[in-house]
Amino acid sequence: MGQIIVMTSGKGGVGKTTSSAAFATGFALRGHKTVVIDFDVGLRNLDLVMGCERRVVFDFINVINGEAKLYQALIKDKRVENLYILPTSQTRDKDALTKEGVEAVMDELRKEFEFIICDSPAGIEKGALMALYFADQAVVVTNPEVSSVRDSDRILGMLAARSRRAELGQPPVIEHLLLTRYDPIRVERGEMLNVNDVLEILAIPLLGVIPESQAVLRASNVGVPVILDDTSNAGMAYADAVARFLGEQLEHRFVKPEKRGLFSRLLGRTA
Amino acid sequence: MRIFNFFRPAQPPKVESSAHHAKERLQIVMAHERASRDGPDFLPLLQQELLAVIAKYVDVDQNKVEVKLDRSNEISTLEVNIELPSRRPEPRRQRAALQGAASTP
């Protein structure tokens with residue numbers, strides 16, 4: 001039976017879709033059959049980040065409504081084996097997500113896939129609740145910034161009270177913190193919450209720290225998940241986070257400013 | 001000046017850094033939010049009931065009620081200010097301030 005993982009945050013713009021794309025690709029690269037589902041009904045974007053926007057015929061909502069078969073809506077990634085994308089509808093709204101409909105799709109996917117990643121919309125309304133409802137594990141994507149941390153805490157409350165596991169009295173959803181857009185230089189200057197501050201406040205285990213990186217925008221520009229850019233800090237940090245999710249013990253990289261040579265420091269100073 | 005700064009070791013972050021403020025503010029507000037997360041939002045009801053009691057004895061203008069809440073680390077205060085109308089036409093104001101202080105766990 002596959003594991004259902006929700007990428008959630010409460011706040012928008014923190015990197016849920018980027019992280020969903022990176023994790024799904026990372027799992028698949030390691031040989032795990034993975035599907036990533038866009039739960040942001042009406043604001044479809046995962047297809048762009050995954051670079052399959054021109055191949056969407058049917059979507060998640062079509063499947064829920066019985067207008068298409070699941071295998072017709074699943075898009076097989078062209079770069080990575082074992083990777084599939086289930087895009088959402090651009091025209092319907094969140095009310096199209098019924099608990100029964102989503103459950104039927106999840107049950108079918110669980111039989112086929114090892115990992116099912118649910119890319120949650122922002123907010124705490126129906127779309128976000130549906131994305132987290134069936135989760136076995138949750139990756140809470142947080143920026144080191146007050147509104148994001150507070151919203152993450154709110155989402156943790158939802159996971160503890162409103163998920164199916166909570167409702168059925170099963171073992172709770174396993175929570176992971178993914179701290180994104182981390183800028184070690186600003187942290188060192190005391191302008192940004194550091195990773196330990198956020199950990200102390202949210203009190204959930206740290207899965208990874210993704211540094212602020214220009215590679216993320218470049219990757220979304222061209223529709224290639226940033227984890228495939230293995231020369232970038234963000235790509236490497238995502239690869240580490242995926243490895244940790246799968247049980248490897250790895251030290252956290254990119255949490256300290258990079259050592260600059262004397263020459264570049266001199267240049268930087270005079271700029 | 002720059003050339004002198006260059007040889008100095010990097011300063012450790014000051015206690016008064018903005019990140020430090022961020023952490024403190026988050027800790028306080030989230031402690032309260034976690035405590036009351038699934039509880040009912042009692043403030044509107046409290047205001048209604050308090051007003052009902054006071055209205056039994058004096059005329060109260062419903063629009064001249066102020067409810068203030070201040071949450072801090074050790075203690076939270078709830079302040080309800082109700083402006084009482086003067087009996088005589090000249091504008092002399094009386095204020096009844098009900099103040100409740102409750103320590104939080």
Side-chain angles (χ1 to χ4, degrees), chain A residues 10-11 124 140 142-163 166-167 177 179 182-204 255-271, chain B residues 1-49 66-80 100-105:
Chain A
K11 191 174 181 296
I124 50 170
V140 178
T142 307
N143 290 169
E145 175 265 322
V146 287
S147 44
S148 175
V149 174
R150 185 196 216 175
D151 290 358
S152 292
D153 192 63
R154 191 90 171 81
I155 280 291
L156 288 167
M158 295 278 184
L159 284 163
R162 310 274 297 269
S163 62
E167 284 182 3
L177 176 65
L179 197 57
Y182 196 73
D183 186 339
I185 294 172
R186 301 199 74 185
V187 169
E188 195 168 66
R189 278 195 224 132
E191 292 174 6
M192 182 179 270
L193 287 166
N194 74 40
V195 54
N196 292 322
D197 291 342
V198 180
L199 279 176
E200 192 184 322
I201 293 166
L202 292 177
I204 60 171
V255 291
K256 294 243 157 58
E258 280 171 47
K259 293 268 181 290
R260 296 169 72 196
L262 180 69
F263 191 62
S264 74
R265 283 178 72 179
L266 277 171
L267 285 177
R269 293 262 168 173
T270 51
Chain B
M1 277 313 279
R2 287 222 168 116
I3 193 77
F4 295 113
N5 290 338
F6 183 75
F7 291 107
R8 253 184 240 160
Q11 299 288 317
K14 287 174 228 144
V15 180
E16 284 308 306
S17 69
S18 63
H20 179 80
H21 281 286
K23 186 185 179 188
E24 264 192 3
R25 290 175 57 222
L26 275 171
Q27 281 175 324
I28 292 168
V29 73
M30 281 167 48
H32 288 280
E33 283 173 357
R34 282 173 186 156
S36 61
R37 186 168 279 156
D38 296 309
D41 184 10
F42 67 92
L43 282 177
L45 199 63
L46 177 82
Q47 177 177 332
Q48 263 179 33
E49 288 184 17
E66 246 186 299
V67 181
K68 282 192 209 159
L69 184 62
D70 189 12
R71 293 159 161 171
S72 57
N73 243 342
E74 307 280 302
I75 200 163
S76 298
T77 59
L78 174 68
E79 189 182 324
V80 184
S103 57
T104 50

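Chain letters run A, B, ... following the sequence lines, proteins first, then strands; residues in each count from 1.
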Query raised in the report: Do you know the tightest heavy-atom contact between B:S17 and A:G190?
Result: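 The pair with the smallest heavy-atom distance is CB-O, 3.2 Å.
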Query raised in the report: Where is the tightest heavy-atom contact between A:L193 and B:A22, given as atom of each residue plus distance?
Result: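 Of all heavy-atom pairs spanning A:L193 and B:A22, the closest is CD2-CB, 3.8 Å.
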Would you compute the distance between atom [atom1] of [X] and atom [atom2] of [Y] and round it to the nearest 0.5 angstrom?
X      : Y      : atom1 : atom2 : value
B:L26  : A:E145 : CG    : CD    : 9.0 Å
B:H20  : A:D197 : NE2   : CG    : 9.0 Å
A:I201 : B:M30  : CD1   : CE    : 6.0 Å
A:M192 : B:S18  : CE    : OG    : 10.0 Å

Query raised in the report: With a 4.5 Å heavy-atom cut-off, do A:V146 and B:V29 have their side chains touching?
Result: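 The answer is no, as the side chains (C-beta and beyond) never meet within the 4.5 Å cut-off.
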Query raised in the report: With A:N143, which residues qualify under side-chain hydrogen bond (donor to acceptor under 3.5 Å, both in side chains), at least two apart?
Result: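 A:N143 satisfies side-chain hydrogen bond (donor to acceptor under 3.5 Å, both in side chains) with A:T180 once adjacent residues are dropped.
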Query - Lys/Arg N to Asp/Glu carboxylate O, A:R154 vs B:E33, below 4.0 Å - result: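 A salt bridge is absent here (no side-chain N lies under 4.0 Å from a carboxylate O).
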